[in-house]
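First up is the structure itself, then whatever we jot down about it.
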Amino acid sequence: MLRTHTCGELGAAMVDQRATLCGWVDRKRDHGDGVFIDMRDRYGVTQIVFEPDSGPELLDLAKRLRNEDVIQVEGLVEPRPEGQANPKLATGGIEVRASRLVVLNRTETPPFLPGQGSLPGEDVRLKYRYLDLRRPAMHRTLLLRNRIIKTMRDYFDEHGFIDVETPVLGRSTPEGARDYLVPSRVNRGSFFALPQSPQLYKQILMVAGLDRYVQVARCFRDEDLRADRQPEFTQLDLEMSFVQADDVIAMIDGLMARLARDVLGMRIDLPLPRITYDEAMRRFGHDAPDLRFGMEIADATDIAGRSQFRVIRSVADEGGFVRGITVRGGAPRFSRKQIDELTEFVKQDCGAKGLLWFRVEPDRALWSPVSKNIEPELLDAFRERFAGEPGDLILISADRWPITCKTLHGLRKRLGAELRLYDPAAMHFSWVVEFPMFDRDEEENRWVAMHHPFTAPRPQDMDLLTNDPARCRAQAYDLVVNGCEAGGGTIRIHDSSVQQTVFNLLGIDADTARERFGFLLEALRFGAPPHGGIALGIDRIVMLFGGLDNIRDCIAFPKTQKATDLMTEAPGAVETKQLDELGIRIAGKPA
RNA sequence: GGGGCCGUAGCUCAAUUGGUUAGAGUACCGGACUGUCGAUCCGGUGGUUGCGGGUUCGAGCCCCGUCGGCCUCGCCA
């Protein structure tokens, strides 16, 4: 070892002993006759002192040090002189009087200094990721990630789960996200797909009798990126045999309590609260509601239907909804201009045509540009429905159901953050359950699976599967943390005839099903146990537990929004020879 | 594919209504300094204002296109 200690561990107990440290020059303070170096490694920062009595060569070498040089220092650990302790440093009570300095590696002037200054733009950070990752904040996140994954592995090991690796080179499946494809050289013209999740393999493992499977699995989805979405991400994937939804949920409840306790030192009550999908949409307009604050949606469609005011009346008449939220004390806080901004926001981001709003006046009247069009007794009814008190601002969306959901959720999320309606350090865990089996694809006029096509309907909804698919609920459950979907799972279909029925509904004909999932259908016929599982988004959980607002900070080497790596410049061109071997020619850009 | 914000010194930012030689902090280079800890003080180097075109007597600023980063809708579970 080139060192005897780290830069974070020296303290009063080491005084008068010799130590050798290795690390980076974090800062240099040159006083002419004396030089102070703050020396940094993963474990902390220690002050090194060079003074004339250590000899002119040593002092001269120290003076020539630059930020981010890599050095080795040997010296005596000394208490700081009276009044010179630095309370900002964990090692601030001591310093190391250098007797030897070795420059292990000089640095060129770095584009930015990880130890100081304001954070550069994200493009610079990603290009010089090794410098960015030197920052203590990034170390903390990677350590947090490591701690979370270690806790997960320990927990599932204690509960009898077996870690099984599944292939990265698989086959493309039609449903779900766009696949990343890998051409096969040996089988020219054929392609592997990188897994969107190990879904099929883990079901096969249940058929194989593994009973409890777990994996930290890399997943790939070739879709557009977001602050919380990367093309390549990591799931804690698991599957259990002979279980019902409650069993999987309870298992994850235990994990969350353990993570909260061991990682955050936070106690959470179990079982975690559950609400149904329908209730979530009704009260919060979203299937992953942020339950850290209220501002619930109220429905006034019935009142609107009694009005002669065409704007709201027609919505009610045509099967739409008039729903809204109440911003407590919002009337004086939102100027006309700010309300216009909210209107612009819901038009731009939520597909809304507009936003109705009312201020509750001191005399409890509702004031709005459209108030004069609405019957006074109905205004009163609105105020009561939205529990409006003087000073409140009522925001209303009148539109088709999905648009009112999107709009009010969008407003709720935005206002919750802007008005600081919750403690940013608070953590709220909950489950959303009983998702619909199917969603309607209006453009293609067909049913699509809400989760994936292997999701089992609730036993009591089995007849709805064929009679009324829209009302058929699935044995599906999502873990929601602070309004973010942290994971989702289902009980799977373990009966090949039910599976066939679902495929039919989804418009996957028998031939296609056999071609794509033949092995699964076959496996289900050879004694498949009832089984189910869940996958947790590890990157997102790190983000949530770390209080971070973007997923890139939770990943050592993330991609940009255009799915490129600014450090390696991947993806890149390949040799023509490589393409020839694969039988691939690049077509011209489509017109 | 659509909407929005941004791009000026290595880095973070400023630059009046379109107006003289594009500034500051920091980093970097040189010098001074006996205890600093964002050290301080003095001096200095450093610019294709992302790129291309246009409008104008004159463009960092206005217009069009393009490249890149971020947020977002669509997409994605």
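Below, chain A is the first sequence line, B the second, and so on; all start at residue 1.
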- [ ] Could you tell me which nucleotide pairs with U21(B) by Watson-Crick or G-U wobble geometry, both distances under 3.5 Å, or answer none if nothing does?
- [x] none
Task: Interatomic distance, Leu89(A) CG vs U36(B) P [rounded to whole Å] - done: 15 Å
TODO: Quick one: label Pro81(A) by what it contacts on the DNA or RNA (base, sugar-phosphate, nothing), any heavy atom closer than 4.0 Å.
DONE: base
- [ ] Look through every strand shown and name the nucleotide pairing with G65(B) as Watson-Crick or G-U wobble, where both distances are under 3.5 Å.
- [x] C51(B)
Open item on the list: Would His409(A) and Asp290(A) count as a side chain to side chain donor-acceptor pair (under 3.5 Å) here? Give the steps.
Closed with: CA-CA 9 Å; His409(A) 168 254; Asp290(A) 192 338; over 6 Å; no
TODO: Look only at the side chain of Arg229(A) and the backbone of Asp224(A), and say whether a donor-acceptor pair between them is shorter than 3.5 Å.
DONE: yes
Open item on the list: I want to check something: taking the side chain as every heavy atom from C-beta on, are Ile297(A) and Arg283(A) in contact at a cut-off of under 4.5 Å?
Closed with: no
- [ ] When you get a sec, tell me which of U36(B), A27(B), G10(B) is the closest nucleotide to the side chain of Pro111(A)?
- [x] G10(B)
TODO: Using a 4.0 Å heavy-atom cut-off across all strands, classify Arg80(A) as base, sugar-phosphate, or nothing.
DONE: base
Task: A27(B) versus G18(B) - spacing of their C1' atoms, nearest Å - done: 33 Å
Task: Inter-nucleotide C1' distance (G53(B), G69(B)), Å rounded - done: 24 Å
Open item on the list: Does U36(B) have OP1 or OP2 under 4.0 Å away from a side-chain N or O of Arg29(A)?
Closed with: no
Task: Span that lies between the P atom of U49(B) and that of A9(B), in whole angstrom - done: 9 Å
Open item on the list: Using whole Å, what does the distance between atom P of nucleotide C42(B) and atom NE2 of His31(A) come to?
Closed with: 16 Å
Open item on the list: Could you identify the nucleotide paired to C75(B), looking across every strand shown and requiring Watson-Crick or G-U wobble geometry with both distances under 3.5 Å?
Closed with: none
Open item on the list: Please give the distance between the C1' atoms of A59(B) and C76(B) as a whole number of Å.
Closed with: 43 Å
Open item on the list: What I want to find out is whether Arg145(A) reaches Asp539(A) closely enough, with some N-O distance under 4.0 Å, to be called a salt bridge.
Closed with: yes
Task: N/O (side chain, Asn86(A)) to phosphate O (OP1/OP2, G35(B)) under 4.0 Å - done: no
Open item on the list: Show, in sequence, the C-alpha distance, side-chain angles and deciding distance for Asp123(A) and Lys127(A), and conclude whether the salt bridge (charged side-chain N to carboxylate O under 4.0 Å, His left out) test is met.
Closed with: CA-CA 6 Å; Asp123(A) 46 348; Lys127(A) 179 169 179 187; over 6 Å; no
Open item on the list: Just the rounded figure in Å: distance from C1' of A27(B) to CG of Leu119(A).
Closed with: 16 Å
TODO: Specify the separation, in whole Å, of atom CD of Gln47(A) and atom C1' of G38(B).
DONE: 14 Å
Open item on the list: Any non-hydrogen side-chain atom of Leu291(A) less than 4.5 Å from a side-chain atom of Phe429(A)?
Closed with: no
Open item on the list: Arg274(A) vs Glu434(A), test: salt bridge (charged side-chain N to carboxylate O under 4.0 Å, His left out). Steps then yes/no.
Closed with: CA-CA 10 Å; Arg274(A) 302 180 198 182; Glu434(A) 293 176 24; over 6 Å; no
TODO: For U20(B) versus G35(B), give the span between their P atoms, rounded off to a whole number of Å.
DONE: 45 Å
Task: Integer angstrom distance from the C1' of G47(B) to that of G10(B) - done: 12 Å
Open item on the list: Distance check needed: C5(B) C1' versus Glu344(A) CD, whole Å only.
Closed with: 15 Å
Task: Nearest-angstrom distance from the residue atom CD of Glu78(A) to P of U36(B) - done: 16 Å
- [ ] May I ask which nucleotide in the shown strands pairs with G46(B), Watson-Crick or G-U wobble, both distances under 3.5 Å?
- [x] none
Open item on the list: Determine whether the aromatic ring centres of residues Phe233(A) and Phe220(A) are separated by less than 6.0 angstrom.
Closed with: no
TODO: Report yes or no: do Arg492(A) and Thr490(A) form a side-chain donor-acceptor pair below 3.5 Å?
DONE: yes
- [ ] Return no unless some side-chain N or O of Arg66(A) is found under 4.0 Å from OP1 or OP2 of C29(B).
- [x] yes
TODO: Could you encode protein contacts along nucleotides 69-77 of chain B as a string, one character per nucleotide from 5' to 3', using B for base contact, S for sugar-phosphate-only contact and - for no contact, with a heavy-atom cut-off of under 4.0 Å?
DONE: SBBBBBBBB
- [ ] Determine: side-chain N/O of Gln84(A) to OP1/OP2 of C37(B), distance under 4.0 Å, yes or no.
- [x] no
- [ ] Can you tell me the distance, in whole Å, between the CZ atom of Phe112(A) and the C1' atom of A9(B)?
- [x] 18 Å
Task: Side-chain N or O of Lys88(A) closer than 4.0 Å to phosphate OP1/OP2 of G38(B) - done: yes
Open item on the list: Applying ring-ring contact (aromatic ring centres under 6.0 Å, His included) to His5(A) and Tyr43(A), what does each step give before you reach the verdict?
Closed with: CA-CA 10 Å; His5(A) 295 81; Tyr43(A) 309 94; over 10 Å; no
TODO: May I ask which nucleotide in the shown strands pairs with A14(B), Watson-Crick or G-U wobble, both distances under 3.5 Å?
DONE: none
Task: First of Glu95(A) and Ser118(A) reached from the 5' end of RNA chain B, by closest nucleotide - done: Ser118(A)
TODO: Please answer whether U36(B) and Phe36(A) are stacked, defined here as ring centres separated by less than 5.5 Å and planes angled under 30°.
DONE: yes
TODO: Please state the C1' separation for the pair C61(B) and G3(B) - nearest whole angstrom.
DONE: 24 Å
- [ ] Nearest whole angstrom, please: distance from the C1' of A39(B) to the CG of Asn67(A).
- [x] 13 Å
Task: C1' atoms of G60(B) and U8(B), separation to the nearest Å - done: 7 Å
